[in-house]
K.L.:
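I have a structure here, written as structure tokens, and I will follow up with some questions on it.
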Amino acid sequence: MDFYHWFFWLVIFFTGAAIGSFLNVVIYRLPRGLSLLRPPSHCPSCGVRLRPAELVPVVSWILLLGRCRHCRHRISVRYPVVEAASGLLACAAVYFNGPYLPAVLIYAVCAALLVTFFVDLDHMIIPDQVHWVIGAAGVLLDIRRIWLRGLPGMVAFSERVGEQTLTMAWPQSLVGAAVGAGLFLALGYLAQAVFRRPALGLGDVKLAAAMGALLGPGYYFISFFLLAAVLGGLTGLVVLVVTWGRQREHYLPFGPMLALSGMVMALAPEQVSRLVLARFLL
Ligand SMILES: [Zn+2]
């Protein structure tokens, strides 16, 4: 890669990382019902306001060795991790979609899922705003698909009515949302009947509806679910081994696994589906 290529990807990375620094604020404040804009970024320990030079994503944390310059209070490593993850997701969105509008929408989905990952980990809830961001991106990409491809970009269903065959065509995002929500609701009831305790929260069902709007009602959605289930199973196994013999009071939230699976499926649905489905069906 020549200099201009490096420069291009650095700009994308630091744009994503700067947004990631805002996502840190969202992750902390959204589930607590605090304003996202006020007060401006400050040290959680001594309250000193951060200078512009301390707001450079990832770099500031490393230069300050993870401590506040004023009171030397430790700053969680999660802050630069979220910033770096957001930067990498922006690069991946541009890599798989080119520097066009779909990349922006796919990045927005990934950013919402990054927030989901940490908020669900901390509070076991998924904020509703996340579902709206993902659902809106899914609808906009669907409008673009119908604009470019017309009827073949929709889900068609034909019936005989008298002498004629009538075909009803629904937008893929609408059918995807309905199938996603329905499937997760049914799975939730089934799991509750088998394990005799709530297995899937309403937040998971809403996330499934939003991801269905994005991925459609086909195999991309099935891959999204299978990958989340595999990730959840593996994590559960690791937690089981690490906490062996100790009392385990809380069950593993499924939301973070749905978020991880959702990110890779949003970025590269074709490639990831091929990998996932090869393990199960093909
Ligand atoms: Zn401080």
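If you read the sequence from its start, that first residue is 1, and numbering goes on from there. Model, not experiment: these values are computed from the prediction.
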K.L.:
Linking I/L/V/M/F/W/Y whenever any side-chain heavy atoms sit under 4.5 Å apart, do V264 and L214 land together?
P.N.:
yes
K.L.:
Could you tell me whether a side-chain N or O of D204 sits under 3.5 Å from a main-chain N or O of G201, the two making a donor and an acceptor?
P.N.:
yes
K.L.:
Hey, what do you get for CZ (R51) to CZ (R49), rounding to the nearest 0.5 Å?
P.N.:
12.0 Å
K.L.:
Would you say I27 and R78 make side-chain contact, with heavy atoms under 4.5 Å?
P.N.:
yes
K.L.:
Atom CD in E270, atom OH in Y219: separation rounded to 0.5 Å?
P.N.:
15.5 Å
K.L.:
When clusters are formed by joining ILVMFWY residues with side-chain heavy atoms under 4.5 Å apart, either directly or through shared neighbours, do L23 and F118 land in the same one?
P.N.:
yes
K.L.:
Closest heavy-atom contact between L260 and L231?
P.N.:
CB-CD1, 4.0 Å
K.L.:
Does the side chain of L183 reach to within under 4.5 Å of the side chain of F225, using non-hydrogen atoms?
P.N.:
no
K.L.:
Could you list the donor-acceptor pairs under 3.5 angstrom formed between side-chain atoms of residues 93-115 and any protein atom two or more places apart in sequence or on another chain?
P.N.:
from: N97; atom 1: ND2; to: A93; atom 2: O; distance (Å): 2.9
from: Y107; atom 1: OH; to: S86; atom 2: OG; distance (Å): 2.6

K.L.:
Which pairs would a plain distance check flag for residues 6-17, meaning a side-chain donor or acceptor within less than 3.5 Å of a matching protein atom at least two apart in sequence or in another chain?
P.N.:
from: W6; atom 1: NE1; to: M1; atom 2: O; distance (Å): 3.4
from: T15; atom 1: OG1; to: V11; atom 2: O; distance (Å): 2.6

K.L.:
If a pair satisfies side chain to side chain donor-acceptor pair (under 3.5 Å) and one of its residues is in residues 27-41, list it, with sequence neighbours excluded.
P.N.:
none
K.L.:
Please report the shortest heavy-atom distance between C46 and H70, naming the atom on each side.
P.N.:
SG-CD2, 3.6 Å
K.L.:
Do F195 and L200 land in one hydrophobic cluster if side-chain heavy atoms of ILVMFWY residues count as linked below 4.5 Å?
P.N.:
no
K.L.:
Which heavy atom of M211 sits nearest to which heavy atom of G262, and what is that distance?
P.N.:
CE-CA, 3.6 Å
K.L.:
Measure the shortest side-chain to side-chain distance between V48 and C68 over non-hydrogen atoms and say whether it is less than 4.5 angstrom.
P.N.:
yes
K.L.:
Provide the closest heavy-atom pair for L50 versus C43 in the form atom of the first, atom of the second, distance.
P.N.:
CD2-N, 4.4 Å
K.L.:
Not counting sequence neighbours, which residues clear ring pair (Phe, Tyr, Trp, His ring centres under 6.0 Å) with F224? List them please.
P.N.:
F221
K.L.:
Working to the nearest 0.5 angstrom, can you tell me the gap between S60 OG and I75 CD1?
P.N.:
9.0 Å
K.L.:
Between S261 and M257, is there a donor-acceptor pair closer than 3.5 Å when you use the side chain of the first and the backbone of the second?
P.N.:
no
K.L.:
Determine all donor-acceptor pairs shorter than 3.5 Å in which one atom belongs to a side chain in residues 133-153; sequence neighbours excluded.
P.N.:
from: D142; atom 1: OD1; to: R145; atom 2: NE; distance (Å): 3.4
from: D142; atom 1: OD1; to: R145; atom 2: NH2; distance (Å): 3.1
from: D142; atom 1: OD2; to: Q172; atom 2: N; distance (Å): 3.2
from: D142; atom 1: OD2; to: S173; atom 2: N; distance (Å): 2.8
from: D142; atom 1: OD2; to: S173; atom 2: OG; distance (Å): 2.6
from: R149; atom 1: NH2; to: P152; atom 2: O; distance (Å): 3.4

K.L.:
Could you check V56, V59, L88, N24 and say which one makes a side-chain contact (heavy atoms from CB on, under 4.5 Å) with E83?
P.N.:
N24
K.L.:
Taking all heavy atoms of H42 and all of G47, pick out the closest pair and write down the distance.
P.N.:
CB-O, 3.8 Å
K.L.:
Taking only distance into account, with no hydrogens and no angle test, what donor-acceptor pairs under 3.5 Å do side-chain atoms of residues 157-170 form with protein atoms, sequence neighbours excluded?
P.N.:
from: S158; atom 1: OG; to: T167; atom 2: OG1; distance (Å): 2.9
from: R160; atom 1: NH1; to: E163; atom 2: O; distance (Å): 3.3
from: R160; atom 1: NH1; to: T165; atom 2: OG1; distance (Å): 3.3
from: R160; atom 1: NH2; to: G162; atom 2: O; distance (Å): 3.3

K.L.:
How many angstroms lie between atom CG of L258 and atom OG1 of T116, to the nearest 0.5 angstrom?
P.N.:
9.5 Å
K.L.:
Any link between Y189 and V194 through a network of hydrophobic side chains (Ile, Leu, Val, Met, Phe, Trp, Tyr) touching at under 4.5 Å?
P.N.:
no
K.L.:
When hydrophobic residues are tied together by side-chain contacts of less than 4.5 Å, even through go-betweens, does L226 share a cluster with L215?
P.N.:
yes
K.L.:
Might you point out which heavy atoms bring L36 and V26 nearest each other, and give the distance in Å?
P.N.:
CD2-CA, 4.0 Å
K.L.:
Answer yes or no: is there a side-chain heavy-atom contact under 4.5 Å between K206 and I126?
P.N.:
no
K.L.:
Taking the side chain as every heavy atom from C-beta outward, state whether E54 and L64 have any pair of such atoms under 4.5 Å apart.
P.N.:
yes
K.L.:
Rounded to the nearest 0.5 Å, how far does CE of M265 lie from CD1 of I222?
P.N.:
10.0 Å
